[in-house]
Amino acid sequence: MSKVMIVIGSVIDYPTVHNKEVVGKVELILENTLLIRDSVDETHLVLKSSLEQDGYSIDEKTYVNKRQFTNS
């Protein structure tokens with residue numbers, strides 16, 4: 001059973017891929033990692049497999065609005 005469902009916008013406190021402890025907001029859910037932005041606007045990567053081993057579940061079906069660009 002999972003502890004928490006992590007979605008885009010969630011705030012997490014977890015070690016990065018470089019074993020640095022980070023507290024930040026989930027901005028993007030990629031294939032193998034989560035992109036986290038901390039309080040000083042730096043980005044970090046957290047492995048999804050590590051989160052899942054610790055009992056967290058990750059919402060991979062959240063729709064992300066993409067900006068539409070035009071040539072006008």
Side-chain angles (χ1 to χ4, degrees):
M1 193 160 163
S2 67
K3 295 179 187 176
V4 170
M5 170 71 81
I6 296 174
V7 297
I8 293 174
S10 296
V11 176
I12 65 169
D13 179 2
Y14 205 79
T16 66
V17 295
H18 302 290
N19 293 322
K20 177 182 175 188
E21 192 71 26
V22 66
V23 177
K25 184 176 172 183
V26 177
E27 285 208 347
L28 191 59
I29 298 173
L30 303 170
E31 187 173 335
N32 297 313
T33 58
L34 301 175
L35 181 76
I36 311 297
R37 187 168 303 272
D38 66 14
S39 61
V40 292
D41 216 24
E42 292 182 357
T43 57
H44 307 275
L45 294 175
V46 173
L47 287 174
K48 286 169 59 176
S49 59
S50 297
L51 287 164
E52 290 168 346
Q53 285 177 355
D54 285 343
Y56 294 96
S57 59
I58 299 166
D59 179 21
E60 299 184 31
K61 297 182 181 182
T62 301
Y63 177 74
V64 177
N65 291 325
K66 294 184 180 178
R67 295 185 179 164
Q68 298 295 322
F69 296 98
T70 60
N71 291 334
S72 55

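Each residue takes its place number in the sequence, starting with 1. Since we're looking at a predicted model, the values are computed, not measured. Note: hydrogens, waters and symmetry copies are ignored here, and every other heavy atom, side chains too, is used.
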Inter-residue atom distance Met5.CE - Ile58.CD1, 0.5 Å rounding: 9.5 Å

About how many Å separate CD1 of Ile6 and CG of Leu51, when rounded to the nearest 0.5 Å? 4.5 Å

Are Val46 and Val23 in one and the same hydrophobic cluster, where Ile, Leu, Val, Met, Phe, Trp and Tyr link if side-chain heavy atoms are under 4.5 Å apart? no

Would a single hydrophobic cluster contain both Val17 and Leu30, if residues Ile, Leu, Val, Met, Phe, Trp and Tyr are joined by side-chain heavy-atom contacts under 4.5 Å? yes

Quick check: do Ile8 and Ile29 have side-chain heavy atoms less than 4.5 Å from each other? yes

For residues Leu35 and Leu45, determine if any side-chain heavy atom of one lies less than 4.5 Å from a side-chain heavy atom of the other. yes

Output every pair passing salt bridge (charged side-chain N to carboxylate O under 4.0 Å, His left out) with a member in residues 13-25, not counting sequence neighbours, ordered by first then second residue. none

For residues 41-56, which residue pairs qualify under salt bridge (charged side-chain N to carboxylate O under 4.0 Å, His left out), counting only residues two or more places apart or in two chains? Arg37-Asp41, Lys48-Glu60

